[in-house]
Amino acid sequence: MSTTEKPTNFLRQIVEADLAAGKHATVATRFPPEPNGYLHVGHAKSICLNFGIARDFGGTCNLRFDDTNPEKESQEYIDAIQRDVNWLGFAWNGEVRYASAYFEALYGFAVELIGKGLAYVDSQSPEDMRKGRGNLTEPGTNSPFRDRTVEENLDLFARMRAGEFADGAHVLRAKIDMASANMVMRDPAIYRIRRAHHHQTGDAWCIYPMYDFAHPLSDALEGITHSICTLEFEEHRPLYDWLVDNVSLEAKPRQYEFARLNLNYTITSKRKLKQLVDEGHVTAWDDPRMPTISGLRRRGYTPASIRHFCDLIGVTRSDGVVDMGMLEFAIRDDLDKTAPRAMCVLRPLKVTLTTWAEGEVQELTVPRHPKDESLGARVIPMTRELFIDQDDFSEAPPAGWKRLEPGQEVRLRGSYVIRCDEVVKDAAGNIVELKCSHDANTLGKNPEGRKVKGVIHWVPANESVPCEVRLYERLFTDPTPDGHDDRDFLSFINPKSLTVVQGARVEPALANVQPEERFQFEREGYFCADLRDTKPGSPVFNLTVTLRDGFTK
RNA sequence: AGGGGUAUCGCCAAGCGGUAAGGCAGCAGGUUUUGAUCCUGCCAUUCGGUGGUUCGAAUCCAUCUACCCCUGCCA
């Protein structure tokens with residue numbers, strides 16, 4: 001599909017049909033993260049889906065924190081998640097919601113279920129509960145506490161809330177069917193006693209509802225019409241419906257599932273991403289190697305590129321693994337059109353133009369973009385002493401070489417054609433300098449009677465600005481780092497995932513770049529001034545993605 | 001006979017009984033002061049397998065196979 005077409009998928013078709021049939025006057029979705037980690041690229045898929053549907057069908061999308069397990073959650077994550085959703089370009093409906101804001105209402109629904117004989121307080125130990133659940137092929141057995149009277153259950157549940165019992169002493173269970181083939185329906189726990197300080201409700205509660213209970217009822221409370229989640233929740237749908245139908249709420253939200261995103265050479269498990277951070281394998285959640293939204297941001301990905309990526313991969317119910325190349329395509333596609341060009345020499349090799357007058361400076365005006373004139377131009381001073389990249393010179397080049405070699409000519413991008421006349425080496429035989437001559441009649445035009453085979457980038461020796469450049473490769477060396485039963489994903493960490501290049505030189509126009517400014521360093525790739533470490537006069541650039549390399553053979 | 005899902009090009013993915021879209025990657029050319037971009041062409045006689053229904057099947061039926069998910073007081 002072209003970038004201008006609106007993507008369609010089975011969920012959009014369902015929404016469209018429901019709206020057309022008058023099942024709902026308007027569509028209401030929600031994005032419901034648990035604040036127990038940072039959002040990653042897989043969440044981006046869900047965000048684009050939920051907010052995208054609301055936007056395109058004239059509905060609403062809530063941002064709701066599913067904060068029912070305070071022990072793993074924190075305000076830091078809440079703040080980061082909001083920042084990431086906004087940065088991606090989406091605005092939620094009204095104020096941020098919290099499942100914890102519904103604790104009182106949820107408690108009421110639990111009491112209602114007890115009153116209807118549909119929930120009971122179980123006082124078995126966790127081990128006994130597990131044993132009683134049976135297994136995949138054998139039915140479970142009823143708890144000895146399953147037939148407590150409504151009065152007794154009401155009393156016990158009230159005392160659970162009042163803090164009369166120790167953590168884990170009792171649990172509230174939905175009374176459904178211990179013989180169900182669906183394990184989720186074997187009297188699922190819906191409330192547990194947990195004396196944990198909650199980031200939103202403080203110490204007001206010592207019992208907390210379980211996801212399975214809180215989620216559908218929160219959806220109903222908010223009037224959500226289409227509750228979209230990932231495939232692993234499919235067997236929870238009967239419970240979702242059971243709760244919505246057995247509680248006195250008008251709204252009947254429905255749950256729909258889609259396949260979560262898998263990207264090769266990376267992991268999208270909050271638990272494992274947290275492990276990478278906690279154990280110091282990366283510097284932080286926003287380390288540019290992380291597949292987190294904040295990591296991608298710091299790496300230089302644009303919100304538009306991530307949204308475009310989500311459009312490209314589609315939404316289905318079949319499991320798959322998307323190639324990283326798809327993400328890289330999305331960012332190259334965006335940055336090629338929007339990023340100003342600049343020159344940066346990563347590993348400088350000095351070039352002295354013997355034909356250039358000592359001290360002479362010529363200010364060359366070079367367009368910032370080869371196709372988009374609106375980006376303007378920058379000025380690059382041309383001097384007698386320059387730097388080119390070590391990789392752009394070879395004494396014994398392979399066939400098809402298009403860069404500099406002894407006795408041959410090459411074009412300096414935006415400048416003159418030069419010829420290498422002499423190679424200067426140190427005592428150890430290392431090339432330390434090239435003596436070249438320039439053809440003064442080649443600025444803005446091709447030389448007469450011969451054609452120059454290549455173009456290389458350069459910077460003036462003294463006027464250029466020293467900078468740090470961080471080169472990144474994939475974080476893992478294996479396509480499915482967490483897909484091996486016999487090997488831990490950490491053992492696949494790529495030792496070369498980060499290379500810090502000190503002593504690189506950028507053209508003077510970039511001396512005072514702002515954090516997050518993006519450029520294409522010509523012939524190298526797209527780079528982004530680091531969000532945290534770029535300082536005036538001392539830029540730090542992160543490699544976002546290299547240029548596609550058509551150099552085959 | 002546990003239950004629930006999914007199978008269309010190397011990857012993603014349209015297709016919804018009328019004779020296999022598109023994107024990524026790849027390959028071959030062209031343009032080019034970025035080995036980039038851009039442009040052109042090529043890239044599934046076949047839709048997990050096998051039967052069947054039909055004038056006609058990726059689409060319907062049967063059966064088989066492979067893979068994913070489910071036994072937290074996590075979400």
Side-chain angles (χ1 to χ4, degrees), chain A residues 1-3 5 7-9 13 32-34 36 66 68-69 71-72 122 124-126 129-131 133-140 167-173 180-186 188-194 207-208 210-212 214-215 229-238 257 259 264 270-271 311-330 332-333 336-337 341 343 366 370-371 400-403 410-417 442-446 452-457 520-525 546-552:
Chain A
M1 83 190 82
S2 82
T3 51
E5 276 178 58
T8 188
N9 56 56
Q13 291 173 351
E34 183 191 12
N36 65 346
D66 229 324
T68 57
N69 187 8
E71 289 171 316
K72 291 184 176 173
D122 195 351
Q124 293 185 102
S125 67
M129 255 187 77
R130 182 168 44 73
K131 285 177 193 156
R133 190 153 31 232
N135 57 44
L136 296 180
T137 53
E138 294 166 38
D167 287 11
H170 308 281
V171 75
L172 185 70
R173 289 231 253 176
S180 173
N182 182 348
M183 300 295 289
V184 175
M185 298 299 270
R186 320 247 261 227
I190 57 178
Y191 263 95
R192 75 281 215 184
I193 304 172
R194 191 69 86 248
I207 57 172
Y208 292 98
M210 303 283 290
Y211 163 87
D212 276 327
H215 199 87
C229 62
T230 44
L231 247 26
E232 66 269 27
F233 291 103
E234 187 157 22
E235 41 271 292
H236 296 243
R237 193 170 63 221
E257 311 86 16
N264 62 13
K270 267 203 264 185
R271 205 207 94 229
D311 286 344
L312 290 175
I313 59 175
V315 178
T316 68
R317 286 176 62 85
S318 63
D319 290 308
V321 182
V322 175
D323 197 297
M324 271 294 300
M326 200 78 96
L327 224 205
E328 296 180 343
F329 165 78
R332 286 193 184 107
D333 189 52
D336 172 61
K337 297 178 182 69
R341 312 284 121 125
M343 291 194 285
V366 183
K371 292 180 179 175
W401 186 252
K402 297 176 72 171
R403 312 173 205 178
V410 78
R411 157 80 62 184
L412 292 182
R413 171 114 248 235
S415 179
Y416 299 87
V417 169
T442 55
L443 184 63
K445 57 185 172 186
N446 288 321
V452 177
K453 55 191 172 183
V455 181
I456 65 173
H457 56 98
Q520 182 200 96
F521 288 165
E522 292 192 90
R523 303 206 314 127
E524 293 288 357
T546 60
L547 252 29
R548 199 160 153 264
D549 190 1
F551 183 55
T552 47

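Please read all numbers here as calculations on a predicted model, not as lab measurements. Every chain is numbered from 1, with letters handed out A, B, ... down the list of sequences.
Counting distance only, with no hydrogens placed and no angle test, the side-chain atoms of A:Q13 and the base atoms of B:C16 include a donor-acceptor pair under 3.5 Å. At a cut-off of 3.5 angstrom, counting only N and O atoms as typed in the model, there is a donor on one side and an acceptor on the other between the side-chain of A:R403 and the base of B:G35.
Here B:U32 presents its C1' atom at 9 Å from CZ of A:R413, a figure rounded to the nearest Å. Rounding to whole angstrom units, CZ of residue A:R341 and C1' of B:U34 are separated by 8 Å. Taking atom CD1 on A:I190 and atom P on B:C74, their separation rounds to 14 Å, with Å as the unit. A:E71 places its CD atom 14 Å from the P atom of B:C73, with the value rounded to the nearest Å. Rounded to an integer number of Å, the gap from NZ of A:K402 to C1' of B:U33 is 11 Å. Per the geometry, CZ belonging to A:F233 stands 9 Å off C1' belonging to B:C74, to the nearest Å.
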Fill in the blank from the handout: Heavy-atom contacts, protein to nucleotides 5-12 of chain B, under 4.0 Å, summarised as B (base), S (sugar-phosphate only) or - (none) per nt, yield SSS---SS
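Across all strands shown, nothing is found opposite B:A20 as a Watson-Crick or G-U wobble partner with both distances under 3.5 Å. Taking a pair to require two hydrogen-bonding distances under 3.5 Å in either a Watson-Crick or a G-U wobble arrangement, B:U6 pairs with B:A66. B:A36 is unpaired under the Watson-Crick or G-U wobble criterion, no partner having all donor-acceptor distances under 3.5 Å. For B:A44, there is no paired base (Watson-Crick or G-U wobble, both distances below 3.5 Å).
Taking atom C1' in both B:U50 and B:A66, one finds a spacing of 15 Å when rounded to whole Å. Taking atom C1' on both nucleotides, B:A75 is separated from B:G35 by 49 Å, rounded to a whole Å. With P as the reference atom, B:G26 and B:C11 are 15 Å apart, rounded to whole Å. To the nearest whole angstrom, the two P atoms, one in B:G23 and one in B:G30, are 23 Å apart. The same atom, P, is picked in B:U40 and in B:G22; the two are 13 Å apart, to the nearest Å.
Across the interface with RNA chain B, nearest-nucleotide mapping of A:Q520 and A:P126 shows A:Q520 to be the residue nearer the 5′ end. Residues A:K72 and A:E232 both approach RNA chain B. Their nearest nucleotides, taken by heavy-atom distance, put A:E232 toward the 5′ side.
Closest to the A:L136 side chain, of the nucleotides B:A36, B:A75, B:U71, is B:U71. With B:U34, B:C24, B:A75 as the candidates, the nucleotide lying closest to the side chain of A:E522 is B:U34. If you check B:G3, B:U71, B:A75 against the side chain of A:N69, the one that comes closest is B:A75. Closest contact between the side chain of A:R523 and the listed nucleotides B:A75, B:G35, B:C70 involves B:G35. When distances run from any side-chain atom of A:L547 to the nucleotides B:C73, B:A36, B:G35, the shortest one goes to B:A36. With distances taken from any side-chain atom of A:R548 to the nucleotides B:C73, B:A25, B:G35, the minimum falls on B:A25.
Judged by distance alone, the side chain of A:R194 and the main-chain N or O of A:D167 form no donor-acceptor pair under 3.5 Å.
For A:K337, the side chain to side chain contact (heavy atoms under 4.5 Å, CB included) partners two or more places apart in sequence, or in a different chain, are A:D333.
Under the side chain to side chain donor-acceptor pair (under 3.5 Å) rule, A:N36 has a single partner from A:K270, A:K72, A:E71, which is A:K270.
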